[in-house]
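Each remark here refers to the structure printed beneath this line.
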Amino acid sequence: MNNINEIEKKWQKYWLDNKSFKAITGDTTRKPYYILVEFPYPSGAGLHVGHVRSYTAQDVLARVKRMQGYNVLFPMGWDAFGAPAEQYAIKNHIHPKEAVKANVKTFKGQMMSLGFSFDWDREFSTTDPDYYKWTQWQFLQFYKHGMAYKAKKDVNWCPTCKSVLSNEDAAGGVCERCGSKVVQREKEQWMLRMSDYAEDLLKGLDDTNFAERVKLGQINWIGKSTGAEIDFTIEETNDKLTVYTTRCDTLYGVTFMVIAPEHPIIEKLKDIITNMDEIREYQKYAKTKSAFERTEVNKDKTGVKLQGITVKNPVSNKDIAVYISDYVMMDYGTGAIMAVPAHDNRDYDFAKKYNLPVVQVVEEITGTPHEAEKQKQSIVAIVYDKKNDKYLTINWGNNGGRLFIGGTRGDNESPIDCAIREIKEETGYTDVEFIREGFLINHHYYAYNKNQYFNIDATPLLFELKSETQTKQNLDEDEKFTVEWVSKKVIDTEIKDELHKKSFEYVNNPTAIAGDGKMINSDFLNGYTNKKDSIKRMLEYLKEHNIGREKVNYRLQDWIFSRQRFWGEPIPMIYCEKCGWQPMDEKDLPLLLPDVAEYEPTDNGESPLAKITDWVNTTCPKCGGPAKRETDTMPNWAGSSWYFLRFMDARNDKEFASMEAMKYWNRVDWYNGGMEHTARHLLYARFWVQFLYNIGLVPKKEMIYTRVSHGMVLGPDNQKMSKSKGNVINPDDVVKEYGADTLRTYEMFMGDYEQDVPWSTDSLRGCKRFLDKVERLKNKLNDKKGYTDSLIVLQNKIIKDIESSLSRMSYNTYISSLMILTNAYDDQEEITKEDYHLLLTLLNPVAPHITEELNEELGYDPLCYEKWPTYDESKLIEEEKEIAVQVNGKVRATITININDSEDVVKEQALDQENVKRFTEGKEIVKVIVIKGKIVNIVVK
RNA sequence: GCCUGUGUGGCGGAAUUGGUAGACGCGCUGGACUCAAAAUCCAGUGUUAGCAAUAACGUGUGGGUUCGAGUCCCACCACAGGCACCA
């Protein structure tokens, strides 16, 4: 069609004028179905082709569901608070609401031009006072139920810009705008008690149908861990220093403790700590770091020992040192840890740096335990020749392969002495230098030469060869091997013995062993062979002696709800010198943002609102005296945490949404959005809903059922689209040149919906060609009634396939099925009106404009009111079918069978094939497998 | 480091419960129509060998289970995304 843009406009106007997609609350004649797509932030850049992908997917679903007879709620709105609009306002000295108005106009126009079937009667923006009135009202409910509180929190602070930065703006530890180093600064902020909901948010996932990876994202973010709290005592003051650990089984291996630099016990003990100056200095040093730097892994560990206090390990009674270090965080667990350097990598690094003792309490187990084992103490000695970069091995040939030097320790013989002796006896080398020793390994094995099972505690040791001085070997009769120097590569491939392999690893990459194993050096735990039992036993012990208890911890923290910005919902709280923080009276809501033209942040990091004294100064709702408004605003996440509820009853001016409307729509049946929102936005929204549920304001604890996240549309160069890379595709240009239907079809055809896919203009043209072909089919129309006989089987099959594709969100195979049907029509001399109408109906959800137009030419009623086609299972059966004949699993021929043929007939036909005979002749036919209607496989020997 | 996902032609990707790997589209090659081009149509297109019939190889790598493996099991490699000193 060459007047494609006109046709599109015609139908867009038709749908709008007729309110074809209006959702009717309370309609009992049809089942409700709520389809939601994340409402966009209307940026100045306009709609992205990525938006088009997820909107089209949901639009297809909405159109199909309507045709299937559902009352579909498919709304759209604007998430318009946020930094970019504020930045734009600062630059151009206009109110951000003006920028939002302009951008919304652009976005809406673009959406209209793409033919999305939104119910525009429910449109709103989070920045509308009618909407944020209710966001503020809900904040007051949080406050009134003790869920909102003020607390001092560290924020990213740029000393040059004098501004608070979000973590994103402070990425890499430097200010995004000016590049100076970001530091931490304490600020009073409003907080929501989201951590109280950690367990409920975890459990609630069972009542959802989120995609598995989405659920995992939630689970990860909540970060539940089960462990123990253990009390350590400061002997001088009897103060308890409590730690949280998931490995209480390693308590005997604790050789020191580490607490966060901001741990409150430091202030409490300041009079007895003898190096407070040093401590203060370190605290200051930790403060100058941004959150990013502090959490950067692989950096050198730093810390300072608290001098002048005594702490003992509560089970071993040994003295242990207490350090402060920034590798321990105040906001997780108790802000203090017990350090087990042998079994925790971070503690290991710290111990190595400050030369602290390492006590092994868990041995890794190798080999398989057996009854009647003999116990031994052993060594594995690895000798390295630095000059030639080779390792000393002994090759037992068929009697055990290649190994390092092993041996049994005598009574009172140290591992080093034993190793030196064994090296000499077995290889004759005497001039070796001890380098290091690794952790003990508990090994089970069977010795062929002694016909005996052994369980050994083996010490791996590394030596360096100093000179080639060699004496005569001193071997037992059964020791038949050759001594060989080999490279690391040979060791990696030829040393198969688990103990020797591990030993090599241990001495060459010394680090903590965090895994499971056998307990040693642990008094009553000695001999336990797995973590689970050891932990259970230790917990019993801790409880008995009143030094510890089981404890569950969550990574999830309270939600920092304050932003020092202008363009957000004002927090409706008032501070009175006399009465403290007071909530605004609900009937005074909304608390409007002032109409001014200055939005620069203040020098001290307060919100721009703080400068607007007219607005700030007010009266206390309790005593009527002078008071000041809160000047921080809410985060961007606030408005998007409940917008899906508002869509259910968007024009309600009495409540945020009526219980009746929410009960009717029930919940969001299907929610699509970006991968980047599967963790935080979804968690905030669920928390918000669960809270409203608990105070009786929404009908369900989980108001979102299915959640799916789409992949990104990348640039043609397979890179993320960005202006700087010059690989941005503008949907307007595509619509203008190829039409909205082509763009929609291509975006559905491009690939797996959940996967990232690069843009290809060539493929887009292919979709245009497909739609042109559909149009050309009208030249093949005849006057016959009903469907063309030869097409009926395929038509039914295609309807079935499409149903399956759509239920799996496999939009690309949905399009592919339509192409197959179109090609089949194209192969016919002529088709009937019914044939054509069926194709147009099936194609309508993805290409609504041209199908409506062609359908109108046929003389039918508009497709948006059409019924979705169903298939007839009985018409799917093909009489004749081609199946493969295999010989030993390889396809050698294909045969055409009748569906009613007996197994014997099929078998005979298969064996009779020329090419099959070639592979069966002179061979014994072991068996013939016939899978009805699928395959024949002949097994020959 | 941990978690998750993905590895299939020149490219995007199909293959529903283990049953003819490469559907569909792009690109490419040849041909028709045309003065020519575009558009359209026809034929071909995993690799290698062969005129062909056909054969060997082929779904990241190495093993395994099975009459039969892209699909199931074990071990590993690469890439992408998320989280990250979480005790």
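Here is how names work: the chains are called A, B, and so on, in the same order as the sequence lines, proteins then strands, and each is numbered from 1. Worth saying up front: this structure is predicted, and the values here are computed from it rather than measured.
Here A:Lys934 does not reach the OP1 or OP2 of B:G68: none of its side-chain N or O atoms lies under 4.0 Å away. Look at A:Arg892 and you'll find a side-chain N or O under 4.0 angstrom from OP1 or OP2 of B:A55. The side chain of A:Asn812 places no N or O atom within less than 4.0 Å of a non-bridging phosphate oxygen (OP1 or OP2) of B:A23. In this model, the phosphate group of B:C2 is not approached by any side-chain N or O of A:Arg555 to a distance below 4.0 Å at OP1 or OP2. Not one side-chain nitrogen or oxygen of A:Arg765 sits closer than 4.0 Å to the OP1 or OP2 atom of B:A39. Neither OP1 nor OP2 of B:C24 sits under 4.0 Å from any side-chain N or O of A:Arg769. At B:A87, one or more side-chain N or O atoms of A:Tyr332 fall inside 4.0 Å of OP1 or OP2 (strictly under the cut-off).
Checking A:Thr745, A:Leu743, A:Leu764 one by one against A:Tyr738, the side chain to side chain contact (heavy atoms under 4.5 Å, CB included) holds for a single residue, A:Leu764.
Nucleotide B:C79 forms a pair with B:G5, judged by Watson-Crick or G-U wobble geometry with both contacts under 3.5 Å. Pair assignment for B:A55 gives B:U48, based on Watson-Crick or G-U wobble hydrogen-bonding distances that are each under 3.5 Å. Applying the Watson-Crick and G-U wobble criteria (two distances, each under 3.5 Å), B:C86 pairs with nothing in any strand. B:A38 is unpaired under the Watson-Crick or G-U wobble criterion, no partner having all donor-acceptor distances under 3.5 Å. Across all strands shown, B:A15 has no partner, as no Watson-Crick or G-U wobble contact with both distances under 3.5 Å is found. B:A43 is paired with B:U29 under the criterion used here, namely a Watson-Crick or G-U wobble arrangement in which both key atom distances are under 3.5 Å. Base pairing of B:A21: no nucleotide in any strand meets the Watson-Crick or G-U wobble criterion (both distances under 3.5 Å).
Between the side chains of A:Glu754 and A:His710, no donor-acceptor pair of N or O atoms lies under 3.5 Å. Side chain to side chain, A:Arg918 and A:Asn915 meet the donor-acceptor criterion of an N or O pair below 3.5 Å. Side-chain contact, A:Lys224 with A:Asn553: no donor N or O sits under 3.5 Å from an acceptor N or O. Between the side chains of A:Asn672 and A:Tyr753, at least one donor N or O lies within less than 3.5 Å of an accepting N or O.
In B:G27 the O4'-C1'-N dihedral to the base is more than 90° from 0, which defines an anti nucleotide.
If you take atom C1' in B:A52 and the same atom in B:G63, they sit 39 Å apart, rounded to whole Å. Nucleotides B:C57 and B:C51 place their C1' atoms 22 Å apart, quoted to the nearest Å. On the C1' atoms, B:C24 is 12 Å away from B:A15, given to the nearest whole Å. A distance of about 13 Å separates the P atoms of B:A75 and B:C3, rounded to the whole Å. Comparing the P positions of B:G68 and B:U20 gives an interatomic distance of 15 Å, to the nearest angstrom. To the nearest whole angstrom, the two C1' atoms, one in B:A69 and one in B:G1, are 34 Å apart. As rounded to the nearest Å, B:A80 and B:G31 have C1' atoms that lie 44 Å from one another. Here the separation of B:U61 from B:A55, taken at their C1' atoms, is 26 Å to the nearest Å.
Atom OG1 in A:Thr511 sits 10.5 Å away from atom CD in A:Glu505 (nearest 0.5 Å).
With hydrogens and angles ignored, no donor-acceptor pair closer than 3.5 Å exists between the side chain of A:Asp762 and the base of B:C26.
When each of A:Asn823 and A:Arg918 is assigned the nucleotide of RNA chain B bearing its nearest heavy atom, the one mapping closer to the 5' terminus is A:Asn823. Both A:Ser763 and A:Asn888 lie near RNA chain B, and the one whose nearest nucleotide falls closer to the 5' end is A:Ser763.
If you check B:A56, B:G12, B:A15 against the side chain of A:Val757, the one that comes closest is B:G12. Closest approach to the A:Val891 side chain among B:G25, B:G19, B:U20 is made by B:U20 (side chain taken as heavy atoms from C-beta onward).
Atoms CG (A:Asp347) and C1' (B:A87) sit 7 Å apart, rounded to a whole Å. Put simply, CD on A:Gln755 is 11 Å from C1' on B:U4, counting in whole angstrom units.
Of the charged side-chain nitrogens involved, none lies within less than 4.0 Å of a carboxylate oxygen, so that A:Asp349 and A:Lys353 do not count as a salt-bridged pair.
Across all strands, A:Asn553 comes closer than 4.0 Å to no nucleic acid atom at all (heavy-atom distances). Among the atoms of the strands shown, only primed sugar atoms or phosphate atoms (P, OP1, OP2) are found under 4.0 Å from some heavy atom of A:Thr813. Among the heavy atoms of the strands, none lies under 4.0 Å from A:Asn345.
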